[in-house]
Amino acid sequence: MELVKVTIDGRQIEVAKTTTVLEAIQKAGIKIPTLCYHPELRPEGACRVCMVEVEGARSLVASCVYPVSQGMVVRTNTAAVREARRMVVELLLANHPKDCFTCARNLNCELQTIAADLGLRGIRFEGKRKSIPIDANNPSLVREQEKCILCGRCIRACSERQGVHVYSFVKRGFNTNVAPAFEVGLDKAPCTFCGQCATVCPTAAIVEKDDTREVWQAISDSTKHVVVQTAPAVRVALGEALGMGPGSVVTGKMVAALRNLGFNRVFDTDFTADLTIMEEGYEFISRLNNGGKLPMITSCSPGWVNFVEIMYPELLGHLSTAKSPQQMFGALVKTYYAEKSGIKPQDIVSVAIMPCTAKKAEAAREEMDSTGCGPDVDFVLTTRELARMIKEAGIDFSSLTAEQFDAPLGISTGAGVIFGATGGVMEAALRTVVEVVTGKELDCLEFHAVRGLNGVKEAEIPVGDLKVKLAVTHTLSNARKLLDKINSGDADYHFIEIMACPGGCIGGGGQPYASCGDIRQKRLNSIYECDQCSSLRKSHENPAVKELYDTWLGKPLGEKSYQILHTHYHPQQRG
Amino acid sequence: MSNEQANNCCGDNAHGQFQKLDQILTEYQDQKGALIPVLQEAQNIYGYLSKEVIDRIGKKMAIPTSQIYGVATFYSQFHLKARGRNIIRVCQGTACHVRDAKTILRALEDNLKISAGETTTDRKFTLETVACIGACGLAPVLMVNDDTHGRLTPEAIPDILARYL
């Protein structure tokens, strides 16, 4: 690697020749404002907020797209740079709505933060406003183009990270906006509702659909019994949105906060993650033994399921028919739990806290109604929405004393919690499948080959006489690579785990903002820490799951299980 | 192009209506940066770029339709709606503006019962505004296809239109 010397604000540093000026500035420990730049996406140089002075250059340069060179002298804090920066931000604000008070991103907006950091005390210009109708025609995401600053991060996240290519810049000049082809709503576009666009949006131009009002209303309705489930990845990220460090494990505080908010029962999606392993594990064994369609592919990530239904309908037969943990949970709450607790399903409101925006759309699927009296999961809140409710209720989150989930649907194992990380479902399944098939206890429960943030992970694991070939991947652009391999006949895997979001659910579209590599790694480590600390770490050893089968469901893949815990998929004609 | 062709491209007979387009797509196969020439030739065939045409180009060239749509809406040479047999370009440039070009535009809109940028339902006329056609001496002025009509009054509009029916 060739190194070059550059001088930044009088400090000399050595960086690789391929570095951009912005990266060199950051390496020198200097923070300059950026908007269109995102560390995990190709730089674009669209917003010009990161302009700096480079000695010898004709004008100020956009540091995010300008390469370093030997002997380069960079100044980030001259009068000209400060003036240009302020002008760029003022011009952005000239066309921007001034409704910060009531905006979904108030106090959490990159544009607002930059305006504050630059000390702007007035906007000299009043520009025209865009008037494009708000797109709120789907259960997951809301797009408000008036708030878009045309940074293009959503376009790049959707294309580069997800390979879905929903968005593009359309039209030009002042009329430029970001839209799907033919400017349809996201419900008509090939959108998977994964929400990665919302996680990278610097403003409130793309946000999750807010369902907190509905949940507050249910909680305050004394005729309703409101139960809540919390997904594995929420407990390692919620703290970030409430002033704690990345990767803080806040399981007990989260349970306490949910009780304080007024939920009648606080349960855990990890319980049905364990149940998913039972159903999906047995389904895999059955496919292996009975010549079923292989590779079998996991189906708990609804962004991923949408992706197959929209882009690869010919491969739907590969998806496990097991419902996702959220939907298994919803189905059980309105049947098993209703029966056990003597509460009518129509009097139960079932809420799910998810790291995910696609989960909102999953809950709204027609077929997810086990009782015929409404959706199994009535409302899905993202981690961000839960954090907002906790703030609204005035709960001092960090000082809460940890509490335990309610029984029985709050009892879970370490295998359930690792669902929140890429490779987790595979690892949890292996812990059960290997023991069920061989009848012997595993010596080591950790399957390191399927862990970590590498794009595509492959492994061969002996299960009895058979060497099971596995693949694990996350992000939809990586998923595409595997699916193309299946379609071309080059894949001889038996079992594949696919998660739509980077790092799995810990990097989901509903997680606290600023999800990037370091933060995801910390969340990931915490997930495995939760597993390590669990007294039970195999789904088939979950006593509540065993009781559920013994007293009510029968056996995995049995008639009742099949009816309540499995689903079907259908091609979606969109875009 | 003819209206028949424009109408045909909405059908589902891939061999019939896409035959010419597919030929072009084969010509440009594997050629990098060929999108704009392909869009131009497709528009020459069909008169405009329909959703079906854009979808087909996207599929054959392996370019996301969102990107094609972005390109097609960036350049004013591309049209996404069916256009009329006669294109009326009514000048709104400075000279025409001071000689009351607005009333000419209004007369056209009233007579054709469409707004600027639209096409009549019988597809006979498309009405567009332009910034200047370089015939300021004739202001206010309009063009129908390649014919120039100048020193206009609102009263003259019905007669001019009648010539193209």
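As a basis for the values below, the full set of heavy atoms in this structure was taken, side chains included, without hydrogen atoms, waters or symmetry mates. All values derive from a computational prediction rather than experimental measurement.
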For A:Q573, look at atom CD and say whether over 12 heavy atoms of other residues, nucleotides or ligands are found less than 6.0 Å away. no

Would you mind checking which part of A:V164 comes under 4.5 Å of any heavy atom in chain B, side chain (CB onward), backbone (N, CA, C, O), both or neither? neither

In this structure, are over 12 heavy atoms from other groups packed under 6.0 Å from A:K130 atom NZ? yes

Can you confirm whether more than 12 heavy atoms, excluding those of A:R574, are under 6.0 Å from its CZ atom? yes

Does atom NE2 of B:H97 have more than 12 heavy-atom neighbours from other groups under 6.0 Å away? no

Compare every heavy atom of A:S168 with every heavy atom of B:S66, then report the nearest pair and how far apart it is. O-CB, 3.1 Å

What part of A:F182 gets within 4.5 angstrom of chain B, counting heavy atoms only: side chain, backbone, both, or neither? both

